[in-house]
S.K.: 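The structure is given below, and queries will be raised subsequently.
For the numbers below, each heavy atom of this structure counts, side chains included, while hydrogens, waters and symmetry mates do not.
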Amino acid sequence: MHEEATSMSEATTTDLYEVTMAMSYLREGMTGPATFSLFVRDLPPERGFLVAAGLESALDYLSGLRVGPEDVDAFASVLHRPPRDLQPLLGLEFTGDVRAVPEGRIVLAGEPLLEVTAPLPQAQLAETYVLNQLSHQTAIASKAARCVLAAAGHPVVDFSLRRTHGPQAGFQAARLAAMAGFAGTSNVAAATALGIPAVGTMAHSYVEAFATEEEAFRAFARCHPGPVTLLVDTYDTEEGIRVAARVLRDLDHAARGPGSAVRLDSGDLGALAARARSTLDSVGLPEVRIIASGGLDEYAVDDLVRSGAPIDTYAVGTRVGVSADAPYLDSAYKMVEYDGRPVMKLSSAKVTAPGPKQVFRRTAYADVIRLADEQSPGDGSPLLETVMRGGQRTGGRPTLDACRERLAADLAGLPPAARRILDPVAPRATASEHLSALARRVRRRIDEQTSAPYARPARP
């Protein structure tokens, strides 16, 4: 059973209804071009912006999407049908186009992060995976960017791996944190693969393994000649600070090295940091830094920074790696056009806008959502770029540095009210008159069809 499961491709990483719809489309001969738009309806509470992320994972998936014999067998098994019934899906691969907002750009509610145009069965089957990747990674990237804003220039590092929702999510969190401007990660695999600094100290178990804190600290310093960071809150934190100061002072300057620190992981971090700074300075160690960790996110970091706590580096973990206060986005992947016919959804509170679109970014984020074929307004720059054509990427994979630079530039232009950690006010994009007029026409057409006294005959 395990061997059979591992032979399937990522085509089976989808919701069952994507398969049943794709099969029906193929049976009905509905293979015309369809455009699907992926967007976030409303921002989560306490969010003034979102950071577009997950595109590269989505493009990797689309580039390799091909339904093989094992996938057909899997579909047939879960549908309790003979494999021959699912044969029309065999060989299906993605041959469409993708326009998307590059990773690292800031986006607002209602703005498409990505639009897929492909034969209908292909575009439909891609929904689940693409939506999963962009939703999860955009949520994490947005949380990480807020931590960098809260830290107000102090380094922030990622300690999230042990509590993210799986190793892949942990890797993504480390990458997205680096994109947001984090200074390093505890995740060795991510640090190695992405070329970002690996950071880490010791656990409380290390201190507990020795008879005394001082023995633990001296043993650690002997093994790691510098820089060395000592965890001081295993027992009595203030005593731990004094012991660490004594050990660090006894090291010669070369052994201590630049960047040595003490780490606080619990308690009143602001007050303890002040005492640690006083103790370290009093024994001639002003260069030894203070690192704070332990359940931190942007809210706690903002409080500590505003209070003037003498903390040099903030290590954030669980709450950021799972975006604890906003663990999901109200995201959707909706068809907006099929075979040249604009379509829209009219469900209560879930109305969608018809037609392929483009977003024009204007000063102070007075964004305008226009139809993709509308003429450029001349006072804004388009956000969506063509990243895939005919099932192939149109360019190389952007570097992490390029994504980081995009985000830093977008954050610099974001209105101060949207950058606030508490009670942010998000800018709102507006629809162009052409888009609004199209929506009115499509709504009228749907109303006329649904109010007709007799149902239209079924298509033979």
Side-chain angles (χ1 to χ4, degrees), residues 14-22 24-25 30 33-50 52-54 58 98-101 107-118 120-121 123-139 142 323 325-339 341-359 367-372 383-384 426-452:
T14 189
D15 290 309
L16 182 59
Y17 78 166
E18 311 290 11
V19 179
T20 58
M21 287 188 287
S24 180
Y25 293 147
M30 297 175 64
T35 297
F36 284 76
S37 183
L38 192 157
F39 58 95
V40 177
R41 293 188 181 94
D42 294 297
L43 302 191
E46 298 298 325
R47 293 291 185 272
F49 62 90
L50 294 176
V98 179
R99 296 164 51 251
V101 177
V107 291
L108 307 176
E111 297 181 343
L113 281 78
L114 168 146
E115 289 198 337
V116 168
T117 300
L120 180 54
Q124 188 72 69
L125 195 62
E127 174 181 4
T128 299
Y129 198 100
V130 170
L131 192 54
N132 173 282
Q133 292 300 302
L134 269 72
S135 298
H136 171 251
Q137 295 191 52
T138 295
S142 305
S323 188
D325 67 316
Y328 69 92
L329 297 176
D330 184 18
S331 52
Y333 177 94
K334 298 299 180 185
M335 187 192 298
V336 295
E337 184 176 83
Y338 175 60
D339 212 11
R341 173 171 57 88
V343 299
M344 64 188 298
K345 181 178 177 180
L346 298 181
S347 304
S348 176
K350 293 188 176 182
V351 176
T352 58
K357 300 169 191 70
Q358 178 59 274
V359 181
D367 294 3
V368 179
I369 305 173
R370 295 176 174 267
L371 293 169
L383 288 189
L384 280 83
R428 296 291 301 188
T430 58
S432 72
E433 178 51 39
H434 287 289
L435 175 55
S436 298
L438 176 63
R440 290 192 293 270
R441 291 197 301 272
V442 174
R443 181 184 287 269
R444 281 198 302 269
R445 186 192 74 209
I446 295 172
D447 288 342
E448 290 169 0
Q449 291 172 342
T450 55
S451 63

S.K.: Mind listing the closest non-hydrogen atom pair of Y25 and P121 along with its distance?
M.R.: CB-CG, 3.9 Å

S.K.: With rounding to the nearest 0.5 Å, note down the distance linking CG in L134 to CG in L329.
M.R.: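 CG of L329 is found 10.0 Å from CG of L134.
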
S.K.: So does I446 get a backbone contact from the side chain of T450, meaning a donor-acceptor N/O pair under 3.5 Å?
M.R.: yes

S.K.: Is there a side-chain contact between V351 and M344, using heavy atoms and a 4.5 Å cut-off?
M.R.: yes

S.K.: Decide yes or no for Y338 and M30: does some side-chain heavy atom of the first lie under 4.5 Å from some side-chain heavy atom of the second?
M.R.: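 Y338 vs M30: side chains touch.
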
S.K.: Could you tell me whether the side chain of V101 reaches within less than 4.5 Å of the side chain of L114, counting heavy atoms only?
M.R.: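 No. Closest side-chain heavy atoms not under 4.5 Å.
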
S.K.: Quick check: closest heavy atoms across Y333 and A126, and the distance to 0.1 Å?
M.R.: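 The pair with the smallest heavy-atom distance is OH-CB, 4.3 Å.
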
S.K.: Taking the side chain as everything from C-beta on, heavy atoms only, tell me whether V359 gets closer than 4.5 Å to F39.
M.R.: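 V359 does not reach F39 side chain to side chain.
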
S.K.: Once rounded to the nearest 0.5 Å, what's the spacing between atom OG1 of T430 and atom CZ of R370?
M.R.: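 So the OG1 of T430 and the CZ of R370 are separated by 8.5 Å.
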
S.K.: Should F36 and E337 be marked as a side-chain contact (heavy atoms from CB on, under 4.5 Å) after you check the CA-CA gap, both sets of side-chain angles, and the distance that decides it?
M.R.: CA-CA 7 Å; F36 284 76; E337 184 176 83; over 6 Å; no

S.K.: Would you name the heavy atoms of M335 and V343 that are closest together and state the gap between them?
M.R.: O-CG2, 3.4 Å

S.K.: Answer whether the closest heavy-atom distance between the side chains of V40 and L50 falls below 4.5 Å.
M.R.: yes

S.K.: If we ignore angles and hydrogens, is there a donor and acceptor under 3.5 Å between the side chains of S37 and E115?
M.R.: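 Per modelled atom types, S37 and E115 side chains form a pair under 3.5 Å.
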
S.K.: May I ask you to test the L435-I369 pair for a side-chain heavy-atom distance under 4.5 Å?
M.R.: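 L435 reaches I369 side chain to side chain.
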
S.K.: Please list, chain by chain and in numerical order, all residues satisfying ring-ring contact (aromatic ring centres under 6.0 Å, His included) with Y129, sequence neighbours excluded.
M.R.: Y61

S.K.: Do the side chains of P356 and T117 get nearer than 4.5 Å, heavy atoms only?
M.R.: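 Answer no - side chains too far apart.
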
S.K.: Please give me the minimum heavy-atom distance between S323 and R47, naming the atom from each residue.
M.R.: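 The pair with the smallest heavy-atom distance is OG-NH2, 3.6 Å.
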
S.K.: Is the backbone N or O of L108 less than 3.5 Å from a side-chain atom of E111, with the two atoms forming a donor-acceptor pair by type?
M.R.: yes

S.K.: Considering non-hydrogen atoms only, spot the tightest contact between K357 and P354 and give its length.
M.R.: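 That closest heavy-atom pairing would be NZ-O, 3.5 Å.
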
S.K.: If you round to the nearest 0.5 Å, how far is CG of L438 from CD of E433?
M.R.: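 Result: 11.0 Å between the selected atoms.
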
S.K.: Can you list everything that forms a side-chain hydrogen bond (donor to acceptor under 3.5 Å, both in side chains) with N132? Sequence neighbours excluded, please.
M.R.: none

S.K.: Return yes if some donor-acceptor pair links the side-chain N/O of T352 with the main-chain N/O of K345 below 3.5 Å, else return no.
M.R.: yes

S.K.: Determine the minimum heavy-atom distance between A123 and V116, stating which atoms define it.
M.R.: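 Where A123 meets V116 most closely, the heavy atoms are CB-CG1, 4.1 Å.
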
S.K.: Side chain of T14, backbone of T128: donor and acceptor closer than 3.5 Å?
M.R.: no

S.K.: For P112, run the side chain to side chain contact (heavy atoms under 4.5 Å, CB included) check against L38, L383, L384 and tell me which one passes.
M.R.: L384

S.K.: Determine, stepwise, if the pair R440 / D447 fulfils salt bridge (Lys or Arg N to Asp or Glu O under 4.0 Å).
M.R.: CA-CA 10 Å; R440 290 192 293 270; D447 288 342; over 6 Å; no

S.K.: Would K334 and K350 count as a side-chain contact (heavy atoms from CB on, under 4.5 Å) if you check the C-alpha gap in whole Å, the side-chain angles of each, and the deciding distance to 0.1 Å?
M.R.: CA-CA 10 Å; K334 298 299 180 185; K350 293 188 176 182; over 6 Å; no

S.K.: Return the CZ to CZ distance between R444 and R441, rounded to the nearest 0.5 Å.
M.R.: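 R444 CZ to R441 CZ: 7.5 Å, rounded to 0.5 Å.
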
